[in-house]
Amino acid sequence: MTIVSRALLAAAACLAFVAPSTAADKVTFLTSWFAQAEHGGFYQAKATGLYEKAGLDVTIKMGGPQVNGSQLLLAGETDFLMGYDIQVLKGREQGLPLVTVASSFQFDPQGIMAHDDVADLAALKGKPILISGSSRTTFWPWLRAKYGYTDDQIRAYTFNLQPFFADPTVSQQAYLSSEPFQAQQQGVKAKFFLFADGGYPPYGAAIVTTDKMLAEKPDVVARFVKASLEGWRDYLKNPEPANALIKVDNPKMTDAQIAFAIDKLKQTKALDGGDAATGGIGIMTAARWKQTYDFLVAANLLDPKTEWQKAFTDRFVKDLKIGF
């Protein structure tokens, strides 16, 4: 064997040795619904190469009404999911190793859409309100406790707005950037009341993973969180790259709907308001998590023995200070 041949073989061996360590880590992220502006930061990180720059090969999968995100996460079908404080705390109550590592929004964008003559949430006491079955164990007990609502006000919400359009006495659950847009498109005057304005404590569009992922791949978690939050920062500045991918995944999503949603996220400072104004996008605090725990315990929705401190960690966000 010539000296040149031996050199080539040695170089090939070196390349074979280093290739696995430089390959991008494959990561799957499951959203909470069909692709929309409320997922924009993740799509932005994918579209603009932020994930790739972080050494990640990220696949974004859409959630939906029939998708059990926690089940898929625990089964290893996804590495991260877009989750919710109450979902994670209830999981912890049942001994499930769910943990939140960042929160896209500083509040839950959930609220009630009412007709234009309604003054405030207190005025809906005794009036019919359309809510989904799952809402009975999330925000409804909070509304009962704060505004004196009763269960006989409940009407079934099937994600069809026609009952609201047809009956001026009816109000319904709504998402900050979704149902109000549909009402606007139909020329129906409506008001939206954000629960967070009344003190409803959960975060929104949180990044959830498992204890196992934290233990075995903390560096992957750190890189995914950082790139995703940078994606959110960039999305509100120039959303076009993400929007193109959103419309590929969800062809029914319109430019008008996306623009409406982005405007609402900016108006309410969903990403950079509250603690994020000083702590950066994605920040979470123990005080807020304790508020959600206290609410659930008071409403008999959570065992007081639940170790709520294990439902989240700020180790991946507390020092990032990502802002606009």
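Residue numbers start at 1 and run along the sequence shown.
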**Report entry** Residue from Ile112, Ile131, Ile129, Leu161 passing side chain to side chain contact (heavy atoms under 4.5 Å, CB included) with Gln172
**Finding:** Leu161

Query raised in the report: Would one find more than 12 heavy atoms of other residues, nucleotides or ligands at under 6.0 Å from atom NZ of Lys226?
Result: no

Report task. Assess whether side chain to side chain contact (heavy atoms under 4.5 Å, CB included) is satisfied between Leu143 and Phe195, documenting all intermediate values. Result -> CA-CA 9 Å; Leu143 289 170; Phe195 295 149; 3.7 Å; yes

Query - Value rounded to 0.5 Å, distance of CG in Leu176 from NZ in Lys264 - result: 6.5 Å

Query raised in the report: Can you check side chain to side chain contact (heavy atoms under 4.5 Å, CB included) on Lys247 and Ile258, steps first, answer last?
Result: CA-CA 10 Å; Lys247 288 186 289 184; Ile258 290 174; 4.2 Å; yes

Query - From CA spacing to verdict: salt bridge (charged side-chain N to carboxylate O under 4.0 Å, His left out), Arg144, Asp151 - result: CA-CA 8 Å; Arg144 276 198 320 239; Asp151 288 348; 3.0 Å; yes

Report summary line: One should read off an interatomic distance between Phe107 CZ and Thr268 OG1, to the nearest 0.5 angstrom, of 3.5 Å

Report summary line: Those residues at least two apart in sequence (or on a different chain) that pass side chain to side chain contact (heavy atoms under 4.5 Å, CB included) with Asn160 are Thr158, Gln162, Pro163

Report task. Please test Leu98 against Ser70 for side chain to side chain contact (heavy atoms under 4.5 Å, CB included), starting from the C-alpha separation and ending with a verdict. Result -> CA-CA 8 Å; Leu98 304 176; Ser70 294; 3.9 Å; yes

Report task. Please identify each residue that fulfils ring pair (Phe, Tyr, Trp, His ring centres under 6.0 Å) with Phe29, with sequence neighbours left out. Result -> Phe42, Phe224

Query raised in the report: What about the rings of Trp232 and Phe105, do their centers lie closer together than 6.0 Å?
Result: yes

Query raised in the report: Going by an N to O cut-off under 4.0 Å, is there a salt bridge joining Asp25 and Arg223?
Result: yes

Query raised in the report: So does Lys269 pair up with Asp272, basic N to acidic O under 4.0 Å?
Result: yes

Report task. Answer yes or no: are there more than 12 heavy-atom neighbours, outside Gln71 itself, under 6.0 Å from its atom CD? Result -> no

Report task. Enter the distance from Asp275:CG to Gln106:CD here, rounded to the nearest 0.5 Å. Result -> 5.5 Å

Query raised in the report: Looking at CZ of Phe295 and NZ of Lys146, how far apart are the two atoms once the value is rounded to the nearest 0.5 Å?
Result: 12.0 Å

Query raised in the report: Counting heavy atoms not belonging to Lys191, are there more than 12 under 6.0 Å from its NZ?
Result: yes

Report task. Quick one: do Asp303 and Arg92 satisfy salt bridge (charged side-chain N to carboxylate O under 4.0 Å, His left out)? Show the steps, please. Result -> CA-CA 10 Å; Asp303 186 337; Arg92 280 288 169 179; over 6 Å; no

Query raised in the report: Around Lys237, counting heavy atoms of other residues, nucleotides and ligands shown, do more than 12 lie under 6.0 Å from its NZ?
Result: yes

Query raised in the report: Between Tyr157 and Phe159, is the ring centre distance below 6.0 Å?
Result: yes

Report task. Evaluate side chain to side chain contact (heavy atoms under 4.5 Å, CB included) for Asp85 paired with Val88, printing each intermediate quantity in order. Result -> CA-CA 5 Å; Asp85 303 11; Val88 176; 6.0 Å; no

Query raised in the report: With clusters built from Ile, Leu, Val, Met, Phe, Trp and Tyr whose side-chain heavy atoms come within less than 4.5 Å, directly or transitively, what are the remaining members of the cluster of Phe260, listed by chain and number?
Result: Phe181

